[in-house]
Amino acid sequence: METGFCEPVMGSVAPVARSLGERIDAVHAVVRELAARQPPLRRERLSGIHNPWGHASVLADAWRFLDLCEDPAILDRVEQIIGPDIVLWDSQLHLEAASYLRFVEAQREGRYWPVLPLAGAVVLVAPGHPSAPVSCFDLAVLGGAPRPALDPRAPLYVIRYMPAASRFVRDPHAPANWTAMEEQPLLNYATRPLWLVRGEDRAGNDFVTGFSPAVPRWAGHQPQEH
């Protein structure tokens with residue numbers, strides 16, 4: 001296992017993860033804590049967990065998940081499928097893989113992707129899996145509803161990448177976004193931030209939206225000063 005130097009974090013010194021294994025272990029520690037919460041968390045609350053500005057950031061350290069999404073070894077696999085220009089647009093943690101397996105079997109993977117032309121890679125990370133913690137699929141293949149070899153009771157982290165030659169559609173009335181909000185009202189992909197994790201953007205994508213925290217509700221109700 002690789003070792004790295006240390007960087008100061010919040011006034012302390014923390015080791016910097018340098019290998020894929022270290023990054024998965026860091027995520028696994030967070031997953032164990034989330035799985036132990038009572039009452040259990042709704043699946044929608046764990047969508048976009050890599051986003052430090054998202055609603056899931058209050059539940060866990062989003063930077064650990066984002067660090068894993070940007071891991072070079074994972075991006076190498078993604079590049080073999082969609083090419084060298086890669087955009088990270090979504091991820092979701094499933095505390096039990098069974099929920100994602102049902103999602104795939106219903107041929108819903110890709111249904112909500114606001115990506116034109118539609119193309120992408122889906123990476124499945126199984127924290128704690130002793131032999132095959134990471135697998136990567138072409139979105140076109142997942143459309144045929146294969147059943148990945150996963151323990152249905154174990155946690156699963158799903159990461160979604162699109163080629164930077166495609167355009168991420170932010171119009172909430174676009175078919176994919178409209179369908180997503182109808183079927184999963186707590187999710188709004190139109191405002192998700194994008195990360196150009198490798199290569200160049202070739203479709204004029206919006207890399208500004210989503211990179212700020214939501215304004216607290218109390219901010220608009222400040223008492224007047226006297």
Side-chain angles (χ1 to χ4, degrees), residues 31 35 40-51 54-56 65 68-69 74-75 77-83 85-127 129 132-195 197 203 205:
V31 172
L41 292 165
R42 289 178 61 94
R43 185 173 67 251
E44 295 90 342
R45 295 196 66 192
L46 299 176
S47 176
I49 198 170
H50 68 287
N51 177 15
H55 62 271
F65 291 88
L68 178 59
C69 293
I74 287 181
L75 297 182
R77 299 191 189 190
V78 172
E79 182 172 340
Q80 294 176 10
I81 295 175
I82 63 175
D85 303 310
I86 304 171
V87 173
L88 164 67
W89 77 271
D90 183 49
S91 78
Q92 184 165 1
L93 175 63
H94 296 259
L95 296 178
E96 291 189 351
S99 64
Y100 182 70
L101 291 172
R102 291 192 296 268
F103 184 82
V104 172
E105 289 170 353
Q107 299 188 9
R108 296 173 73 184
E109 183 63 88
R111 183 173 179 175
Y112 309 132
W113 286 49
V115 177
L116 293 176
L118 181 59
V122 179
V123 172
L124 307 181
V125 181
H129 195 293
V134 178
S135 54
C136 187
F137 296 89
D138 189 329
L139 176 61
V141 174
L142 276 171
R147 185 181 180 89
L150 298 168
D151 180 351
R153 297 168 297 177
L156 179 68
Y157 183 45
V158 181
I159 314 173
R160 298 178 173 96
Y161 301 89
M162 56 176 268
S166 292
R167 183 171 59 89
F168 189 80
V169 181
R170 295 200 180 277
D171 180 0
H173 295 93
N177 287 325
W178 188 268
T179 301
M181 286 185 280
E182 275 193 327
E183 298 184 1
Q184 302 184 90
L186 297 181
L187 302 183
N188 182 4
Y189 291 132
T191 58
R192 286 288 170 92
L194 305 180
W195 277 264
V197 291
N205 282 295

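Note that these values count all heavy atoms, side chains included, but never hydrogens, waters or copies made by symmetry.
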Evaluation steps, side-chain contact (heavy atoms from CB on, under 4.5 Å), between I74 and C69: CA-CA 7 Å; I74 287 181; C69 293; over 6 Å; no

Derivation of the side-chain contact (heavy atoms from CB on, under 4.5 Å) call for L186 and H55: CA-CA 10 Å; L186 297 181; H55 62 271; over 6 Å; no

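With sequence neighbours left out, S47 forms a side-chain hydrogen bond (donor to acceptor under 3.5 Å, both in side chains) with R192. For R102, the side chain to side chain contact (heavy atoms under 4.5 Å, CB included) criterion is met by A98, S99, not counting sequence neighbours. Under the side-chain hydrogen bond (donor to acceptor under 3.5 Å, both in side chains) criterion, D85 pairs with R202, sequence neighbours left out. Partners of N205 according to the side chain to side chain contact (heavy atoms under 4.5 Å, CB included) rule, which considers only residues two or more places apart in sequence or in another chain, are M162, R167, F168, L194, D201, A203, F207. Taking H94 as the reference, Y100 meet the ring-ring contact (aromatic ring centres under 6.0 Å, His included) condition, with sequence neighbours excluded. The side chain to side chain contact (heavy atoms under 4.5 Å, CB included) search around A154 returns D151, not counting sequence neighbours. For Y157, the side-chain hydrogen bond (donor to acceptor under 3.5 Å, both in side chains) test picks out S91, with sequence neighbours left out. Not counting sequence neighbours, the partners of E79 by the side-chain hydrogen bond (donor to acceptor under 3.5 Å, both in side chains) test are R198. Annotation: side chain to side chain contact (heavy atoms under 4.5 Å, CB included) contacts of A35 (sequence neighbours excluded): L95.
Closest approach of N188 to M181, counting heavy atoms only: OD1-SD, 3.9 Å. The two residues P172 and N177 make their nearest non-hydrogen contact at O-CB, 3.7 Å. Of all heavy-atom pairs between P155 and P127, the closest is O-CD, 3.8 Å. Taking every heavy atom of both residues into account, R45 and L41 meet most closely at NH1-CD2, 3.8 Å.
Once rounded to the nearest 0.5 Å, the distance linking CG of L139 with CD1 of I82 reads 10.0 Å. Summarising the geometry, atom CG belonging to L187 is positioned 8.0 Å from atom CG belonging to D90; distances are rounded to the nearest 0.5 Å. For the atom pair CG of L124 and NE2 of H129, the computed distance is 11.5 Å after rounding to the nearest 0.5 Å. Rounded to the nearest 0.5 Å, atoms CG (L142) and CD (Q107) are 10.5 Å apart.
Y189 contributes no side-chain N or O that, together with a main-chain N or O of V169, makes up a donor-acceptor pair within less than 3.5 Å. Side chain of D138 to backbone of I81: no donor-acceptor contact under 3.5 angstrom is found. Proximity of a side-chain donor or acceptor of N51 to a complementary backbone N or O of P193 within less than 3.5 Å is not detected.
No more than 12 heavy atoms of other residues, nucleotides or ligands shown are found within 6.0 angstrom of CH2 on W178.
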If you look only at distance, which donor and acceptor atoms sit under 3.5 Å apart when one is on a side chain in residues 110-123 and the other is two or more places apart or in another chain?
| residue | atom | partner | partner atom | Å |
| --- | --- | --- | --- | --- |
| R111 | NH2 | E183 | OE2 | 2.7 |
| Y112 | OH | R108 | NE | 3.2 |
| Y112 | OH | R108 | NH2 | 2.6 |
| Y112 | OH | E183 | OE1 | 2.4 |
| W113 | NE1 | E109 | OE2 | 2.8 |

